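All values reported here derive from a predicted model rather than from experimental measurement. Order of the sequence lines fixes the chain letters, A, B, ..., with proteins taken first and strands second; residue numbering starts at 1 for each chain.
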There are 2 protein chains.
Amino acid sequence: MKQETRKEEIIKTAAKLFKEKGYSAVTMRDLATDMGIKAASLYNHIDSKQEILKVIIISIAKEFTDGMHNITQTESSSISKLKKIVALHVKITANNTNDMASLNNDWMHLEEHLEYYLKLRNEYETSVISIIKAGIANSEIKKTNPEIIMFSMLTTLRSLYLWIPKKEDLDRNELTHSLNQVLIEGINI
Amino acid sequence: MKQETRKEEIIKTAAKLFKEKGYSAVTMRDLATDMGIKAASLYNHIDSKQEILKVIIISIAKEFTDGMHNITQTESSSISKLKKIVALHVKITANNTNDMASLNNDWMHLEEHLEYYLKLRNEYETSVISIIKAGIANSEIKKTNPEIIMFSMLTTLRSLYLWIPKKEDLDRNELTHSLNQVLIEGINI
DNA sequence: GTCTATAACACGATAGAC
DNA sequence: GTCTATCGTGTTATAGAC
């Protein structure tokens with residue numbers, strides 16, 4: 001088990017607070033109080049509040065980009081690829097619940113790295129759309145608007161961070177399986 | 001067409017800004033600038049920034065509560081009720097796109113009316129779960145975890161505000177139909 | 001690595017003139 | 001209904017002691 005640096009501790013605590021109130025509503029004093037120190041002491045470890053947000057968002061965004069890269073490279077059916085995307089979201093969200101809140105809700109407060117984040121997100125969505133369109137073309141997937149399928153899948157998966165902490169009893173494989181059922185196979189008989 | 005009061009104009013403008021940056025990041029000076037007046041002038045029409053948030057969130061929350069009340073009262077199948085919920089979200093979101101952002105993302109900044117909002121939201125989710133459970137009991141709906149079905153449906157429907165403005169070409173009936181397909185009938189063949 | 005003190009500025013809101 | 005001026009407080013961040 002890797003030793004956690006003070007900087008990592010600060011970022012982890014910040015992510016927790018950002019999840020509760022959002023980036024803008026969390027002050028450096030809030031963060032310091034939660035760490036049991038004074039606000040000024042934070043600056044011995046981090047450059048600015050903005051840097052904290054950047055580290056949280058960009059590192060998670062890269063995890064998704066890497067995961068998607070692995071999926072698009074494999075030779076498998078479109079449905080199977082979509083199921084791998086579901087599993088990717090469950091895995092990353094389970095390990096980084098708090099960070100997911102910033103990724104979803106506070107990306108617009110990125111200053112220097114906003115464009116880079118938007119580029120990564122846009123490429124991710126393009127990959128999902130491509131998989132869906134390929135699935136429709138080879139009759140794996142029903143002829144429904146591909147953008148609506150992507151929208152429905154990604155909004156559900158992106159909101160998992162709200163839901164996973166409440167369901168710690170439910171194991172990860174069971175959650176992945178149920179999501180596959182609901183998102184891919186539908187609910188009616 | 002009803003004449004819009006100055007107060008309503010302020011609230012409408014605030015909702016637009018809250019959607020872009022969130023409640024906490026929007027200042028009264030931002031709001032005033034967008035209205036073409038000075039910040040102090042806002043207070044001739046509204047009591048506080050907090051009042052604006054309250055009006056936006058509570059009025060929309062009540063619309064959902066009323067809509068759900070109509071749906072639970074009708075005699076129809078569970079699937080048909082779920083389709084009515086989809087239509088309810090599409091209708092309210094299409095008419096109040098900006099307000100939906102505050103409802104989803106800024107409810108935690110409600111001060112006096114937070115508990116009331118949470119009560120309405122909780123009752124709404126309970127109604128959805130009840131419909132799904134009834135559908136499973138009478139074999140209309142597959143035996144999947146009812147909470148995951150609700151979670152998937154509601155997170156997709158609650159995020160519609162992000163998507164509807166981008167797709168103004170797509171008409172409301174077509175959107176409702178496609179969402180019903182994806183959410184209820186699934187996507188695989 | 002943490003502290004106290006403080007700079008420099010932004011915030012919500014009010015008072016009172018027009 | 002809007003303005004200017006301002007109050008009191010909160011904000012991020014820095015300087016320098018320990």
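- Remark: B/K49 qualifies as a cation-pi partner of B/Y23 under the 6.0 Å distance and 45° angle criteria applied to the six-membered ring.
- No hydrogens or angles considered: a donor-acceptor pair under 3.5 Å links the side chains of A/T156 and B/T156.
- Checking the phosphate oxygens (OP1, OP2) of C/dT2, no side-chain nitrogen or oxygen of A/N44 falls inside 4.0 Å.
- Atom pair B/M35:CE and D/dG1:P shows a separation of 11 Å (rounding to whole Å applied).
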Any protein N or O atoms within reach of nucleotides 16-18 of chain C? Criterion: under 3.5 Å, listing atom names and distances.
none

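- Comparing atom distances between the A/Y43 side chain and each of D/dC3, C/dG12, D/dA13 picks out D/dA13 as nearest.
- Using modelled atom types and a 3.5 Å distance limit, the side chains of A/T33 and A/D30 yield no donor-acceptor pair.
- Considering B/D34, B/T5, B/I52 in turn, B/I52 is the only one that fulfils the side chain to side chain contact (heavy atoms under 4.5 Å, CB included) rule with B/I10.
- In this structure, A/L42 places its CG atom 12 Å from C1' of C/dC3, rounding to the nearest Å.
- Remark: P of C/dA13 and CD1 of B/I37 are 15 Å apart, rounded to the nearest angstrom.
- Each of C/dC3, C/dG12, D/dT12 was ranked by its minimum atom distance to the side chain of A/K49; first place goes to D/dT12.
- Here B/S41 reaches the OP1 or OP2 of D/dC3: one of its side-chain N or O atoms lies under 4.0 Å away.
- Counted within 6.0 Å of NE2 on A/H177, heavy atoms from surrounding residues, nucleotides or ligands total 12 or fewer; the atom is thus considered open.
- A/L31 places its CG atom 12 Å from the C1' atom of D/dT12, with the value rounded to the nearest Å.
- When the nucleotides C/dA13, D/dA15, D/dT2 are ranked by their closest atom to the side chain of B/S48, C/dA13 comes out on top.
- Distance A/H109 NE2 to D/dT12 P: 13 Å, rounded to the nearest Å.
- Note: NZ (B/K21) to P (C/dA10) measures 13 Å, nearest angstrom.
- When each of C/dA5, D/dT2, D/dT12 is scored by its nearest atom to the side-chain atoms of A/A40, the top-ranked nucleotide is C/dA5.
- Contact of the A/I11 side chain with the A/E51 side chain is not registered, since no non-hydrogen atoms from C-beta on lie closer than 4.5 Å.
- Distances were taken from every side-chain heavy atom of A/M28 (C-beta onward) to each of C/dT2, C/dT14, D/dT12; the shortest belongs to D/dT12.
- Whole-Å rounding puts the B/K7 NZ to D/dG1 C1' distance at 15 Å.
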Quick one, B/E115 with B/K119, criterion salt bridge (Lys or Arg N to Asp or Glu O under 4.0 Å). Give me CA distance, side-chain angles, the key distance, then yes/no. CA-CA 6 Å; B/E115 277 186 58; B/K119 182 171 155 281; over 6 Å; no
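- The listed nucleotides are C/dT14, D/dC3, C/dG1; the one nearest the side chain of B/K38 is D/dC3.
- When heavy atoms are screened at a 4.0 angstrom cut-off, B/R29 is found touching base atoms of the nucleic acid.
- Using modelled atom types, no side-chain atom of B/D106 and backbone atom of B/H109 make a donor-acceptor pair closer than 3.5 Å.
- Across the interface with DNA chain D, nearest-nucleotide mapping of A/D30 and A/D47 shows A/D30 to be the residue nearer the 5′ end.
- Whole-Å rounding puts the B/E4 CD to D/dG1 C1' distance at 16 Å.
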